[in-house]
Structure formats: C-alpha cells, structure tokens
Asker: 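Mind looking over this structure? Questions follow.
Read the numbers this way: they start at 1 and go in the same order the structure lists the ligands and their atoms.
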Amino acid sequence: DTLINQIAAGEVVERPASVVKELVENALDAGAHRVEIDLEEGGIRLIRVRDDGGGIPADELPLAISRHATSKIASLDDLEAVATLGFRGEALPSIASVSRFMLASRHTDSDHGAALQVDGGRVGSVTPKAHPTGTTVEVRDLFYNVPARRKFMRAERTEMGHIEEWLRSLALARLDVELRVSHNGRPARRYRGDNMLASTDRLFETLGEEFAKHALRVDHEAAGLRLHGWIAQPVYNRASADQQYLYVNGRSVRDRSVAHAVKQAYSDVLFHGRQPAYVLFLEVDPRTVDVNVHPAKHEVRFRESRLVHDFTYRTLQQALAETRA
Ligand code: ADP
Ligand code: MG
C-alpha cells in the first residue's frame with residue numbers, strides 16, 4: 001500500500017508547492033477562514049499548515065490518510081458537479097508516504113483533539129493531543145525516503161518562489177481567507193482575509209501597482225457562461241507569462257483553449273507576440289466541466305470547449321476594443 005501511495009505521490013506531489021496546495025485546499029474545503037503556513041528551507045525541511053476549519057473526528061483520522069477515502073463526494077452525481085477543491089482522496093496518503101507526517105485535529109463537536117503520526121507510509125496509532133478546533137498537518141523532510149525524487153528538488157529560494165506563486169493565485173481568488181506565511185521562523189507574507197477588501201486592492205498587493213493601474217475590468221455573461229476579472233490594457237507592457245491567472249469555478253487551472261482565446265483577443269489590438277496579463281474567473285455550469293482530468297487537478301475539460309473559447313474571445317475583444325475607441 002505504501003508503494004502504491006508513493007507511486008501516486010509522483011503524480012500529486014511534484015515539489016513542496018504541491019504539498020502546500022493540497023493542504024491549503026483541504027483547509028478551505030473544511031471551511032477555514034484563517035490558514036497559517038509555516039515553512040522551513042523552502043518547505044523541503046518543513047511544511048506546517050494550520051486551519052480553523054471544521055476539523056476531523058479522532059476516529060476518522062486513519063480514514064483521512066487512507067487511499068481514496070474522501071469525505072467530499074458520495075456518489076457519481078457528486079463527481080458530476082464537484083463543489084469542493086478536493087475529491088480524489090489521495091493527497092494525504094500520497095504525501096504521508098513520502099515524508100514524516102503528522103495530522104492533528106479537533107472536530108467542532110468534540111472536546112478533545114487527537115493526532116496521528118505517519119512515517120514514510122508507516123501509520124502509527126491515534127493518540128490524544130491538545131488542539132483547538134481545526135486541523136494541523138505537518139510534513140517534514142519531503143521525499144526523505146525517495147532519493148530519486150529528493151534529487152529533483154531545487155534550491156530553497158526556487159521552491160519558496162513556487163510556493164509564493166501559488167499563494168498569489170489563491171489570494172487573488174479568496175479575498176475572504178486570511179493567509180499567514182512564515183519562513184524559517186520569520187513572518188514572510190500575510191494576506192488579510194476581509195469580505196470588504198476591494199479586489200483591486202488585492203490586485204495591487206499581488207501583481208503590483210503597474211498591473212493594477214492598467215487593469216481593465218471585465219464582466220460579461222451569456223449562454224450560461226460568465227467571465228469576470230481583469231485583463232491588462234495593451235499599454236501595459238510588463239506582462240509576462242507568469243501574470244496569467246485563470247480560474248474555472250474558483251479553481252485555479254491552466255487551459256489551452258481559454259489561453260488561446262485571450263491571446264487571440266489581445267493580438268487583435270496589438271502586434272503579435274506580446275504576452276497578455278490577466279486575472280480571469282470563468283463561471284460555468286459544473287456539470288459542463290470535468291475537473292477529474294489529472295491527479296494534480298491543474299486542468300479541466302469543457303464539454304463545449306468551442307463555446308467557451310468563442311465566448312472568452314468575444315468578451316475580451318469587446319472590452320479591449322472599447323479602450324481603443
Ligand atoms: P480529498 O481532499 O480529495 O478528499 P485528501 O487526501 O486531500 O482527499 O484528504 C482526505 C480527507 O481528509 C478529506 O476528504 C477530509 O475528509 C479530510 N481532511 C483533510 N484535511 C482536512 C482539513 N484540513 N480539515 C478537515 N478535514 C480534512
Ligand atoms: Mg484534498
């Protein structure tokens with residue numbers, strides 16, 4: 001079983017940033033409003049994610065680290081319209097098989113917390129542990145037992161860069177959640193969670209003043225699709241491929257056809273070659289999009305991909321044309 005989990009870990013866990021993503025998404029699925037992330041050595045030595053979500057009952061801790069034991073979908077119908085970020089039930093068992101892992105939690109209905117230790121896939125027993133309502137997951141020495149994978153981790157600064165990049169993409173989408181990051185014992189980043197926070201403030205915070213200044217607001221709805229967010233006006237010339245954020249139903253993804261549509265709309269008003277910069281949220285009927293395409297859930301598949309492409313292209317073309325007029 002440990003071997004199967006380690007093989008799965010190869011698909012789910014590429015580097016420390018993927019662990020941070022899986023753990024923070026679990027926190028959000030559990031309804032957390034505040035997530036604390038402590039890192040050491042770019043996450044290679046330690047990743048600790050603490051949340052104030054609903055927690056896990058002590059007797060369900062072993063289930064949480066069992067393969068394909070998700071609490072989030074109960075039927076095929078649920079899979080047709082996944083409402084949570086997680087649904088495959090393989091992140092925790094995968095991560096626990098390639099690290100020194102600890103899961104501690106206290107469920108909202110419980111007076112006591114409990115913890116479970118897993119060492120390279122070897123599962124310990126559930127022990128009592130003081131813990132506030134919510135969950136803490138600790139991942140130490142990632143890939144310590146998989147030398148071939150450990151070799152592929154980069155310098156602390158590189159790994160930290162990937163973590164920060166993912167956190168930016170999250171912070172752009174979830175203004176309501178407080179995110180605190182510490183690195184090597186020092187506060188490194190803080191996004192305050194605030195329902196009143198203007199999304200332009202967050203844009204400024206994450207992508208900088210220049211982007212915020214040149215961001216063109218987009219919001220259009222048609223044929224059951226909605227596209228909203230920002231695209232940088234063509235005069236903004238600092239865009240690079242890393243200022244391209246796409247969310248489908250709140251999930252940060254990469255999608256070729258949407259990326260192509262944006263680029264096409266951009267090149268209509270500009271010379272070819274320049275990278276568009278954007279933060280775009282696409283909302284579609286969950287039954288028309290398959291999120292179960294890849295274990296790491298970076299991609300989605302649209303049932304009507306042509307429709308999505310053309311809708312995106314037309315919406316942005318129109319918005320950009322207006323700035324020219
Ligand atoms: P998935 O998110 O796909 O369900 P995971 O392996 O990421 O699978 O997590 C397994 C299960 O552990 C989840 O379905 C959930 O029930 C529980 N769990 C994990 N992290 C948390 C958390 N931070 N708070 C509450 N429950 C959690
Ligand atoms: Mg998960």
Asker: Is Glu138 paired with Arg48 through a side-chain N to carboxylate O contact shorter than 4.0 Å?
Answerer: yes
Asker: So for Gly53, does at least one of its heavy atoms come nearer than 4.0 angstrom to any atom of ligand 1?
Answerer: no
Asker: Do Gly55 and ligand 1 have an N or O pair less than 3.5 Å apart?
Answerer: no
Asker: Quick one: does Gln117's side chain have a donor or acceptor within less than 3.5 Å of a partner on Met102's backbone?
Answerer: no
Asker: Looking only at protein heavy atoms, which one is nearest to atom 15 (C) of ligand 1, and what is the separation?
Answerer: Ser71 OG, 3.4 Å
Asker: Testing the 3.5 Å rule here: is there a donor-acceptor pair between the side chains of His220 and Arg226?
Answerer: no
Asker: Checking a contact table here: which protein heavy atom is nearest atom 26 (N) of ligand 1, and how many Å away?
Answerer: Ile56 CG1, 3.2 Å
Asker: Taking atom types as modelled and ignoring hydrogens, do the side chains of Ser94 and Asn5 form a donor-acceptor contact shorter than 3.5 angstrom?
Answerer: no
Asker: If the cut-off is 4.0 Å to any non-hydrogen atom of Thr70, which atoms of ligand 1 fall inside it?
Answerer: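 It comes down to these atoms of ligand 1: 1 (P), 4 (O), 14 (O).
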Asker: Under 4.0 Å between a side-chain nitrogen and a carboxylate oxygen: does that hold for Glu90 and Arg67?
Answerer: yes
Asker: Looking at atom 6 (O) of ligand 1, what's its closest protein heavy atom, distance included?
Answerer: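 Atom 6 (O) of ligand 1 sits closest to the protein heavy atom Leu92 N, 2.9 Å.
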Asker: Using a strict 4.0 Å threshold on nitrogen-to-oxygen distance, state whether Arg303 and Asp290 make a salt bridge.
Answerer: no
Asker: Among all protein heavy atoms in this structure, tell me which lies nearest to atom 8 (O) of ligand 1, with the distance rounded to 0.1 Å.
Answerer: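 Of every protein heavy atom, Gly89 CA, 3.1 Å lies nearest to atom 8 (O) of ligand 1.
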Asker: Which is it for Glu60 and ligand 1 at heavy atoms under 4.0 Å: side chain, backbone, both or neither?
Answerer: neither
Asker: Would you mind checking if Glu25 and Lys21 are paired as a salt bridge, meaning a charged N to carboxylate O distance below 4.0 Å?
Answerer: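 Salt bridge: yes.
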Asker: Considering only non-hydrogen protein atoms, determine which one is nearest to atom 23 (N) of ligand 1 and report residue, atom name and distance to 0.1 Å.
Answerer: Asp51 OD2, 2.8 Å
Asker: Is any side-chain N of the basic residue among Arg301 and Glu299 closer than 4.0 Å to the acidic one's carboxylate O?
Answerer: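 Salt bridge flag = no for Glu299 with Arg301.
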Asker: Any nitrogen or oxygen of Pro93, main chain or side chain, under 3.5 Å from a nitrogen or oxygen of ligand 1?
Answerer: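 No - when backbone and side-chain N and O of Pro93 are compared with those of ligand 1, no distance drops under 3.5 Å.
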Asker: Under 3.5 Å, is there a donor-acceptor pair between the side chain of Ser18 and the main chain of Glu14?
Answerer: yes
Asker: What's in the same ILVMFWY side-chain cluster as Leu3, cut-off under 4.5 Å, chained through other members?
Answerer: Ile7
Asker: Tell me whether Arg34 is salt-bridged to Glu36, with the criterion being a basic N under 4.0 Å from an acidic carboxylate O.
Answerer: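 Yes, this pair counts.
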Asker: Nearest to atom 21 (C) of ligand 1, what protein heavy atom do you find, and at what distance?
Answerer: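 Ranking protein heavy atoms by distance from atom 21 (C) of ligand 1, first comes Asn26 CB, 3.9 Å.
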Asker: If you have a sec, work out which protein heavy atom is nearest atom 10 (C) of ligand 1 and how many Å separate them, to one decimal?
Answerer: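 Of every protein heavy atom, Ala64 O, 3.4 Å lies nearest to atom 10 (C) of ligand 1.
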Asker: So which protein heavy atom does atom 2 (O) of ligand 1 come closest to, and at what separation?
Answerer: Lys72 NZ, 2.6 Å
Asker: Which ligand 1 atoms are under 4.0 Å away from a heavy-atom of Ala91?
Answerer: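 Every atom of ligand 1 under 4.0 Å from some heavy atom of Ala91: 6 (O), 7 (O).
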Asker: N/O of Asp29 under 3.5 Å from N/O of ligand 1, yes or no?
Answerer: no
Asker: What protein atoms of element N, O or S are positioned under 2.8 Å from the Mg ion (ligand 2)?
Answerer: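 Asn26 OD1, with waters left out.
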Asker: Would you check if there is a donor-acceptor pair between the side chains of Ser257 and Asp255 at a distance under 3.5 Å?
Answerer: yes
Asker: For the 3.5 Å polar cut-off, considering only N or O atoms, please tell me whether Gly86 and ligand 1 meet it.
Answerer: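 For ligand 1, there is no N or O atom that lies under 3.5 Å from one belonging to Gly86.
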Asker: Looking at Asp141 and Arg150, is any side-chain nitrogen of the basic one under 4.0 Å from a carboxylate oxygen of the acidic one?
Answerer: no
Asker: Any non-hydrogen side-chain atom of Ile37 less than 4.5 Å from a side-chain atom of Ile163?
Answerer: no
Asker: For ligand 1, which atoms sit closer than 4.0 Å to a heavy atom of Arg88?
Answerer: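 Going through ligand 1 atom by atom, the ones under 4.0 Å from Arg88 are 3 (O).
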Asker: Check each atom of ligand 1 against the heavy atoms of Ala30 and keep those under 4.0 Å away; list them by number with element.
Answerer: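 By the 4.0 Å cutoff, the relevant atoms are 24 (N), 25 (C).
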Asker: Say whether His228 and Glu283, considering side chains only, have a donor N or O and an acceptor N or O under 3.5 Å apart.
Answerer: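 Their side chains do contain a donor-acceptor pair, which is all the 3.5 Å distance test asks for.
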Asker: State the atoms of ligand 1, each with its element, that fall below the 4.0 Å cut-off from a heavy-atom position in Phe87.
Answerer: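 What qualifies from ligand 1 is 1 (P), 3 (O).
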